Trainee: 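First the structure, which I've put down as C-alpha cells, then a few questions once you've had a look.
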Amino acid sequence: MIEVIQHIDDQIDLISMKNDQLEIVVSNYGCTIIKVMMRDRYGQIDDVVLGYDDFTQYQTLDAYLGALVGRVANRIKGGRFTLNGQDYHLAVNNGPNHLHGGLKGFSYQIFDYIIKDDSILEFHYLSKDGEEGYPGDLDLTVTYTLKADTLTVHYYATSSKDTLINITNHSYFNLSGHQENINQHTLQIHASHFACVDGDGLTTGQIKDVTNTAFDFRQPALIGERVNQNDEQLLLAKGFDHPFIFDVSKQQVILTHQVTGRQLIVSTTLPQAQIYTANYLDGRLGKNQHRYDARDAICIETQNMPDAIHLEDNPTTILRKGETYDETTSYQFKVMK
Ligand code: BGC
C-alpha cells in the first residue's frame with residue numbers, strides 16, 4: 001500500500017510505502033528516504049536509516065541523509081569542465097571542488113509524483129538548462145517500487161543538450177537500528193579494485209588492487225577491523241570514502257548485522273559504489289535526539305566513476321542529447337533466521 005501520511009507544506013509530502021515486510025517512508029523533497037522500518041530475527045521492528053525528526057533539517061543541512069543526489073554525485077575537480085569545446089562553471093562547494101550537484105542539487109529540489117499502484121511510486125523532475133551550471137534541460141523520472149523485502153529504484157533521464165549525469169542515493173544505513181555504530185557490521189563487496197582519492201576526497205585517477213589491503217572485502221569482514229587500519233588512503237579520507245569497482249553484475253554489496261540478523265543486499269546496473277563510513281558526521285542530532293557521529297552509518301552510493309569527465313577517455317557520466325540514462329539499484333532488506 002502507498003499513501004500520503006503527512007503534508008509538510010503545500011508542495012512537500014511524506015509518503016509511506018508499506019507491505020507485510022517493510023515500511024519505507026519517502027518524501028518528494030529530494031526523493032529522500034526518510035525511514036526504513038524492518039524486523040530483526042526476533043520480530044522487533046526498527047528504523048535502519050539515519051534521518052531527522054525536524055523536516056527543515058533535510059532542507060538546510062549538508063549530509064544528504066537519505067537523499068537522491070544529482071545532477072552529478074560526488075566531486076568534479078575545480079567545479080569546471082569542458083564539453084563539446086565549451087567550458088562550464090559549477091559551484092565550488094567542497095574545498096576546491098564541486099560536490100553532489102552544487103548548492104541546490106537534486107537533493108534540495110521538489111519532485112512531482114504519482115502513486116502508480118499499491119507498490120510503485122513515480123517521481124519526476126525537470127532540471128532546467130543552466131541549473132547549477134549544467135547544460136541542457138534534464139528530464140528525470142525516478143521510480144521507487146516496493147515488492148516483498150526489496151526497494152527497487154529506477155532512474156531514467158534524457159537531456160535537450162549533451163550534459164553530465166551521475167545519480168545516486170545517499171542513505172545512511174545502520175542495521176542495528178541506531179543501537180550501536182557500524183563497527184560490528186560485516187561488509188562484503190565484490191570488488192577487486194578501488195579508486196584512490198586525494199585529501200579533498202577527489203578521485204585521482206589511480207586505481208588500486210584491493211589484494212592485501214584494508215579494502216579487500218571480497219570475503220565478508222567486520223568494518224571495525226578495517227576502517228582504522230594504518231592505510232594511507234584510509235587516513236586521507238578519515239575512513240572509507242572511496243569508489244569500489246565491481247567484479248560482478250548483481251548483489252555487489254552485502255551488509256550484515258549478525259546480532260539482529262538484518263542484512264542489506266545491494267544490486268545495481270551501475271559499475272561501482274562510493275562506500276562512505278559517515279566520516280564527516282559531526283555529532284549533529286538526528287531522529288529521537290540521537291547524536292550522529294562518524295561510523296554511525298554506512299552509505300552505499302552506486303554510481304559511475306566520480307569526476308569521470310576529467311579521468312576517463314570516454315566519460316561514463318556524459319549523457320548525450322537523444323540518448324537515455326537508464327539505471328537501476330535495488331536494496332533488499334533481508335532478515336536471517
Ligand atoms: C562523500 C563524502 C562527503 C559526503 C557528504 C559522500 O558521498 O563521498 O566525502 O563528505 O558525501 O555528506
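We count ligands from 1, going down the list as the structure has it; atoms in each ligand are counted the same way. Quick caveat, the model's predicted, so the values are computed rather than measured. Counting from 1, the numbers follow the sequence of the chain as shown.
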Trainee: Check each atom of ligand 1 against the heavy atoms of Y172 and keep those under 4.0 Å away; list them by number with element.
Mentor: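 Numbered from 1, ligand 1 contributes 12 (O).
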
Trainee: Just checking, is any N or O donor in the side chain of T256 or Q263 under 3.5 Å from an acceptor N or O on the other one?
Mentor: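 Side-chain D/A pair, T256 to Q263: present.
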
Trainee: Could you identify the single nearest non-hydrogen protein atom to atom 3 (C) of ligand 1 and state the distance to 0.1 Å?
Mentor: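 Nearest protein contact, heavy atoms only, for atom 3 (C) of ligand 1 is R75 NH2, 3.8 Å.
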
Trainee: Is the ring centre of F123 less than 6.0 Å from the ring centre of Y144?
Mentor: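 They qualify: ring centres under 6.0 Å apart.
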
Trainee: Considering the heavy atoms of A63, write down every atom of ligand 1 situated less than 4.0 Å from one of them.
Mentor: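 By the 4.0 Å cutoff, the relevant atoms are 12 (O).
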
Trainee: State the atoms of ligand 1, each with its element, that fall below the 4.0 Å cut-off from a heavy-atom position in D241.
Mentor: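 Once the distances to D241 are compared, the set is 1 (C), 2 (C), 8 (O), 9 (O).
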
Trainee: Considering only heavy atoms of Y280, which atoms of ligand 1 have at least one such atom less than 4.0 Å away?
Mentor: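 Under 4.0 Å from Y280, ligand 1 has these atoms: 10 (O).
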
Trainee: Is it true that a side-chain atom of Q188 and a backbone atom of R218 form a donor plus acceptor pair closer than 3.5 Å?
Mentor: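 It does hold such a pair.
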
Trainee: Apply the salt bridge (Lys or Arg N to Asp or Glu O under 4.0 Å) test between D46 and each candidate in R41, K35, R262; give the one that qualifies.
Mentor: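 The salt bridge (Lys or Arg N to Asp or Glu O under 4.0 Å) with D46 is passed solely by R262 among R41, K35, R262.
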
Trainee: Checking R226 against F240: charged group under 6.0 Å from the ring centre and within 45 degrees of the axis?
Mentor: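 So R226 doesn't make the cation-pi contact.
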
Trainee: If we count only N and O atoms by modelled type, under 3.5 Å, do the side chains of N279 and R295 hold a donor and an acceptor together?
Mentor: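 Short answer, yes.
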
Trainee: Numbering the atoms of ligand 1 from 1, which are under 4.0 Å from a heavy atom of E301?
Mentor: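 Going through ligand 1 atom by atom, the ones under 4.0 Å from E301 are 6 (C), 7 (O).
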
Trainee: Number the atoms of ligand 1 from 1 as they appear, then name those within less than 4.0 Å of a heavy atom of Y276, with their elements.
Mentor: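 Matching atoms, with element in brackets: 2 (C), 4 (C), 6 (C), 10 (O).
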
Trainee: What protein heavy atom is closest to atom 6 (C) of ligand 1, reported as residue, atom name and distance in Å?
Mentor: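 Answer for atom 6 (C) of ligand 1: H170 NE2, 3.2 Å.
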
Trainee: Any nitrogen or oxygen of Y64, main chain or side chain, under 3.5 Å from a nitrogen or oxygen of ligand 1?
Mentor: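 Such a contact does not occur with ligand 1.
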
Trainee: Are side-chain N/O atoms of D13 and H7 paired as donor and acceptor at under 3.5 Å?
Mentor: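 Short answer, yes.
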
